[in-house]
Amino acid sequence: MNDQDKRAVEGMARCGIDLEGLCASFPKFPREEIEEIFIAPRKSIGSWSAPEPEIKTNCS
């Protein structure tokens, strides 16, 4: 996997895609390699699983 591919995987992981979706998006690459790249940015933002949607309410 070249640097551009790694950045693409990392970017998608930061956007909230789950590991299964990421593996499906990059079928040519080994799951272990994708998982290794997936874990690093998710740990750095404090979200190992997919982010939960946040509902905001305007009470004015």
Side-chain angles (χ1 to χ4, degrees):
M1 185 181 295
N2 64 35
D3 286 338
Q4 185 176 3
D5 295 329
K6 288 179 183 178
R7 286 192 307 271
V9 171
E10 185 176 302
M12 290 178 76
R14 287 183 189 276
C15 291
I17 191 169
D18 65 350
L19 182 58
E20 297 305 317
L22 203 52
C23 290
S25 298
F26 295 92
K28 292 183 179 181
F29 302 119
R31 180 182 176 90
E32 296 80 22
E33 195 169 353
I34 291 174
E35 189 171 353
E36 182 180 315
I37 297 167
F38 175 80
I39 292 170
R42 298 306 285 270
K43 281 185 176 179
S44 73
I45 60 173
S47 175
W48 170 238
S49 61
E52 294 182 23
E54 183 178 331
I55 299 173
K56 295 183 179 182
T57 306
N58 184 352
C59 297
S60 56

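Below, all heavy atoms of this structure are taken into account, side chains as well, without hydrogens, waters or symmetry copies.
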>> With a 4.0 Å cut-off on N to O distance, would you call Glu33 and Lys28 a salt bridge?
In response: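 Salt bridge absent between Glu33 and Lys28.
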
>> Strictly below 4.0 Å, N to O, side chains only: are Glu10 and Lys6 in salt-bridge contact?
In response: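 No.
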
>> Walk me through whether Glu20 and Arg31 qualify under salt bridge (charged side-chain N to carboxylate O under 4.0 Å, His left out).
In response: CA-CA 9 Å; Glu20 297 305 317; Arg31 180 182 176 90; 2.8 Å; yes

> Could you go step by step and tell me if Glu35 and Leu22 meet the side-chain contact (heavy atoms from CB on, under 4.5 Å) rule?
Replying inline: CA-CA 9 Å; Glu35 189 171 353; Leu22 203 52; over 6 Å; no

>> Please give me the minimum heavy-atom distance between Asn2 and Gln4, naming the atom from each residue.
In response: OD1-N, 3.1 Å

Just how far is it from atom [atom1] of [X] to atom [atom2] of [Y], taken to the nearest 0.5 Å?
X: Ile37; Y: Leu19; atom1: CD1; atom2: CG; answer: 11.0 Å
X: Ile34; Y: Glu36; atom1: CD1; atom2: CD; answer: 11.5 Å
X: Phe29; Y: Cys23; atom1: CZ; atom2: SG; answer: 11.5 Å
X: Phe38; Y: Ile17; atom1: CZ; atom2: CD1; answer: 8.5 Å

> Any side-chain heavy-atom pair from Met12 and Phe26 closer than 4.5 angstrom?
Replying inline: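 Side-chain contact under 4.5 Å: yes.
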
